[in-house]
Amino acid sequence: MARPREFDEDRVVTAAMETFWRHGYEGTSTRDLCESTGLGPSSLYNAFGGKRPLYLRALDRYYETSTAEQVAFLRGPGPVRDRLRAMMVHAVDADLGTDGGTDPDTDLGTDGGTDPDADPDGGDRRGCFAINAAIEATAPDEDVREAVRRSFDRVESELYAILTAGRHSGEIRATGDLHALARRIQSTYYGLRVLGRIQRDRQALLDTVESTLADL
């Protein structure tokens, strides 16, 4: 009879996700995972089958949490542009480690930059885990690609839905194919996630947000 696990599996997977997110797959050692999860090497292997299966579980957890959070912004109340702005500004502030809100009268009119002498790890500065995984996956690992693609497809689908609703309500004036427009906004959003890892000028990122919304 198998012994019951004596740890919280959800907590362990979340801890592993945070570790992979910060250091990447190649940069994360078994020791790093043991330290962050509190499990020994044999326990990690017996429970998850090794580093790679745990990495895939971490990507799944990202989909269940951070990707779901992005979707929640898009499905929230308010005008279409405000919901799009909320998702993008939240990402900017998370990546810069600032606490700005999503009101354009307060967010976009203040400096809001980070301390140039601050440790980059003082904020998240991790960008998007799914993007990081896609960039790092130089080997043809179809399982990783599929996990990343699932997050990308979900966000694109939700963007298309909100743009469709906005066109019907008259909030979205942009003409042309809405699928293409959704992908353009998605590309801007993910570009902000990459720039947020190195850019210290919050206003420059917010200007990109407003320029994107103005084109709608």
Side-chain angles (χ1 to χ4, degrees), residues 10-11 13-25 27-28 36 55 58-78 80-136 147-148 150-156 158-159 162 182 184-213:
D10 286 342
R11 182 197 65 78
V13 173
T14 298
M17 178 190 73
E18 295 289 340
T19 304
F20 283 126
W21 193 348
R22 185 168 297 281
H23 301 295
Y25 180 78
T28 298
S36 65
Y55 185 62
L59 286 169
D60 286 342
R61 178 55 48 85
Y62 182 82
Y63 178 84
E64 296 164 359
T65 55
S66 293
T67 302
E69 182 180 52
Q70 296 162 28
V71 170
F73 278 113
L74 296 176
R75 291 186 174 183
V80 167
R81 282 184 178 79
D82 286 354
R83 285 182 274 163
L84 291 168
R85 180 183 289 112
M87 182 186 72
M88 290 190 280
V89 173
H90 174 79
V92 167
D93 286 332
D95 292 336
L96 295 182
T98 58
D99 295 321
T102 56
D103 183 345
D105 293 331
T106 56
D107 263 283
L108 303 180
T110 58
D111 176 61
T114 56
D115 182 352
D117 297 321
D119 183 344
D121 288 334
D124 277 349
R125 292 284 181 180
R126 300 174 297 178
C128 169
F129 185 28
I131 293 177
N132 297 348
I135 292 173
E136 189 179 21
V148 171
R150 183 167 68 138
S151 287
F152 289 179
D153 289 348
R154 178 76 185 280
V155 174
E156 181 184 333
E158 294 293 337
L159 284 169
I162 191 176
R184 181 159 66 89
I185 295 173
Q186 183 181 34
S187 296
T188 299
Y189 173 74
Y190 288 137
L192 288 169
R193 302 306 307 267
V194 174
L195 288 173
R197 300 187 64 179
I198 58 174
Q199 174 65 266
R200 297 181 186 274
D201 186 350
R202 178 174 181 265
Q203 190 60 51
L205 299 177
L206 296 179
D207 287 346
T208 299
V209 172
E210 288 305 295
S211 176
T212 300
L213 296 177

Contacts of type side chain to side chain contact (heavy atoms under 4.5 Å, CB included), residue Arg83, not counting sequence neighbours: Val80, Ile162
Suppose we screen for side chain to side chain donor-acceptor pair (under 3.5 Å). Which residues come up paired with Ser36, at least two apart in sequence or across chains? Thr19
Would you please name every residue forming a salt bridge (Lys or Arg N to Asp or Glu O under 4.0 Å) with Asp153, sequence neighbours left out? none
Tell me the closest heavy-atom pair linking Leu159 and Ala182, and the distance in Å. CD1-O, 3.5 Å
The criterion is side chain to side chain donor-acceptor pair (under 3.5 Å); which residues satisfy it with Thr188, sequence neighbours excluded? none
Taking the inter-plane angle between the rings of His90 and Phe73 on a 0 to 90° scale, is it parallel (under 30°), tilted (30 to 60°) or perpendicular (over 60°)? tilted
Can you list the residues that meet the salt bridge (Lys or Arg N to Asp or Glu O under 4.0 Å) rule with Glu69, with sequence neighbours excluded? none
Sorted by chain and residue number, the salt bridge (Lys or Arg N to Asp or Glu O under 4.0 Å) partners of Glu18 (sequence neighbours excluded) come out as Arg126
Checking Thr28 now: which residues fulfil side chain to side chain donor-acceptor pair (under 3.5 Å) with it, not counting sequence neighbours? none
With sequence neighbours left out, write down each residue that passes side chain to side chain contact (heavy atoms under 4.5 Å, CB included) with Ala72, or none if nothing qualifies. none
Side chain to side chain contact (heavy atoms under 4.5 Å, CB included) involving Ser187 - partner list, sequence neighbours excluded: none
Taking only residues two or more places apart in sequence, or in another chain, which ones meet Arg150 in a salt bridge (Lys or Arg N to Asp or Glu O under 4.0 Å)? Asp60
Using the test ring pair (Phe, Tyr, Trp, His ring centres under 6.0 Å), find all partners of Tyr63 that sit at least two apart in sequence or belong to another chain. none
Validation row: Val92, Leu195 side chains within 4.5 angstrom (heavy atoms): no
Tell me every residue that passes side chain to side chain contact (heavy atoms under 4.5 Å, CB included) with Ala91, counting only those two or more places apart in sequence or in another chain. Tyr189, Arg193
